[in-house]
Amino acid sequence: MRSSPNYHHPYTFVFVVILFPALAVSYKTLLATESLTISSNETIVSHNETFELGFFTPGTSSRWYLGIWYKKIPTRTYVWVANRDNPLSRPNGSLKISSDNNLFIYDHSSNTPVWSTNLTVGTSRSPLVAELLDNGNFVLRHSNNNEYLWQSFDFPTDTLLPDMKLGWDNKTGLDRV
């Protein structure tokens, strides 16, 4: 009698992960000790994999932007752009959390920041993380709770997403236009 092959061998999983690394999905937050660079081609993906944040250059342009787009739509559809008024002229930039608790895009070619959240929060109780939420909101928050210090939904661009609000916020004094 012929025996059937054993497909439950422990090395089968290692073989699949090594040969097919694209199958391994990682959900990422940006920690204060990390940076997201154009050259690394890394992105931050929302937990449900609907949205993705990273650097991009539209079409044949030579300008670089940090933005959010739908991950699963083949034709990239951008829903938010951070530095749309001040793009990077070369693929030599990064997104970081600064020591003064701000998100900023740094142009390594000119050694200057080109975009920042411009917060004045001072010292933080806990380390900060930047995270892309399942609704497309990019937030800067404390690592130990969900208190948002800054969120992209407060600075809409051309696309209105569900949960995004427009108009005057009487509580914070922010005018979302």
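The residues of the chain are indexed from 1 along the displayed sequence. Keep in mind it's a predicted model, so treat the numbers as computed, not measured.
- Atom CD1 of residue Ile97 and atom CG of residue Leu36 lie 11.0 Å apart, to the nearest 0.5 angstrom.
- When the ring pair (Phe, Tyr, Trp, His ring centres under 6.0 Å) test is applied to Trp64, no partner is found at least two apart in sequence or on another chain.
- By the ring pair (Phe, Tyr, Trp, His ring centres under 6.0 Å) test, Phe138 is found to be paired with no residue, residues two or more places apart in sequence or in another chain being considered.
- Within the model, atoms CD1 of Ile68 and OG1 of Thr50 stand 12.5 Å from one another, a figure rounded to the nearest 0.5 Å.
- His142 NE2 to Glu147 CD: the interatomic distance, rounded to the nearest 0.5 Å, is 4.0 Å.
- For Thr43, the side chain to side chain contact (heavy atoms under 4.5 Å, CB included) partners are Val45, Glu52, Trp69, not counting sequence neighbours.
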Could you go through Asn86 and Trp115, starting from their C-alpha distance and side-chain angles, then the distance that decides it, and tell me whether this counts as side-chain contact (heavy atoms from CB on, under 4.5 Å)?
CA-CA 7 Å; Asn86 199 9; Trp115 175 87; over 6 Å; no
For Phe55 and Tyr65, what are the C-alpha separation, side-chain angles and deciding distance, and is it a ring pair (Phe, Tyr, Trp, His ring centres under 6.0 Å)?
CA-CA 5 Å; Phe55 286 99; Tyr65 301 88; 9.9 Å; no
Could you give me the CA-CA distance, side-chain angles and deciding distance for Leu30 and Leu53, then say whether side-chain contact (heavy atoms from CB on, under 4.5 Å) is met?
CA-CA 11 Å; Leu30 183 69; Leu53 175 136; over 6 Å; no
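- Through direct or indirect side-chain contacts shorter than 4.5 Å among Ile, Leu, Val, Met, Phe, Trp and Tyr, Phe104 is connected to Tyr106.
- Not counting sequence neighbours, the partners of Asn137 by the side chain to side chain donor-acceptor pair (under 3.5 Å) test are Gln151, Ser152.
- Clustering ILVMFWY residues whenever any of their side-chain heavy atoms sit less than 4.5 angstrom apart, transitively, puts Leu66 in the very cluster that holds Val114.
- Under the rule for a side chain to side chain contact (heavy atoms under 4.5 Å, CB included), the partners of Ser61 that lie at least two apart in sequence or sit in another chain are Thr57, Pro58, Arg63.
- Among all heavy-atom pairs drawn from Ser94 and Thr37, the shortest one is CB-CG2, 3.7 Å.
- Looking at residues two or more places apart in sequence or on another chain, you find a side chain to side chain contact (heavy atoms under 4.5 Å, CB included) between Asp134 and Ser46, His47, Asn48.
- For the pair Trp150/Asn102, no side-chain contact is recorded, criterion being any heavy-atom separation below 4.5 Å from C-beta on.
- One hydrophobic cluster holds both Leu103 and Leu149 under the rule that ILVMFWY side chains link at heavy-atom gaps under 4.5 Å.
- Checked against side chain to side chain donor-acceptor pair (under 3.5 Å), Asn135 has the following partners two or more places apart in sequence or in another chain: Asp163.
- Asn146 places no side-chain N or O within 3.5 Å of a backbone atom of Arg141 that could act as its donor or acceptor partner.
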Contacts under 3.5 angstrom, residues 75-82 side chains, donor-acceptor by atom type, not counting sequence neighbours:
{"from": "Thr77", "atom 1": "OG1", "to": "Thr75", "atom 2": "O", "distance (Å)": "3.2"}
{"from": "Trp80", "atom 1": "NE1", "to": "Phe155", "atom 2": "O", "distance (Å)": "2.9"}

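- Residues forming a salt bridge (Lys or Arg N to Asp or Glu O under 4.0 Å) with Glu34 (at least two apart in sequence, or on another chain): none.
- Leu95 and Leu140 fall within the same hydrophobic cluster, defined by Ile, Leu, Val, Met, Phe, Trp and Tyr side-chain heavy atoms under 4.5 Å apart, directly or through other members.
- Between the OG1 atom of Thr112 and the CD1 atom of Ile105 there is a distance of 11.5 Å, given to the nearest 0.5 Å.
- Residue Thr29 holds its OG1 atom at 11.0 Å from CG of Leu132, rounded to the nearest 0.5 Å.
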Could you go through Asn101 and Leu119, starting from their C-alpha distance and side-chain angles, then the distance that decides it, and tell me whether this counts as side-chain contact (heavy atoms from CB on, under 4.5 Å)?
CA-CA 7 Å; Asn101 299 321; Leu119 297 174; 5.9 Å; no
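- With rounding to the nearest 0.5 Å, the separation of OG in Ser143 from CG in Leu128 is 7.5 Å.
- With sequence neighbours excluded, the residues satisfying side chain to side chain contact (heavy atoms under 4.5 Å, CB included) with Ser109 are Arg90, Asn92, Asp107.
- Under the side chain to side chain donor-acceptor pair (under 3.5 Å) criterion, Ser35 pairs with no residue at all, not counting sequence neighbours.
- At a threshold of 4.5 Å between side-chain heavy atoms, the hydrophobic network of Ile, Leu, Val, Met, Phe, Trp and Tyr places Phe51 and Phe56 in two separate groups.
- Between Leu88 and Gly93, the shortest heavy-atom distance links the atoms CD1-CA, 4.0 Å.
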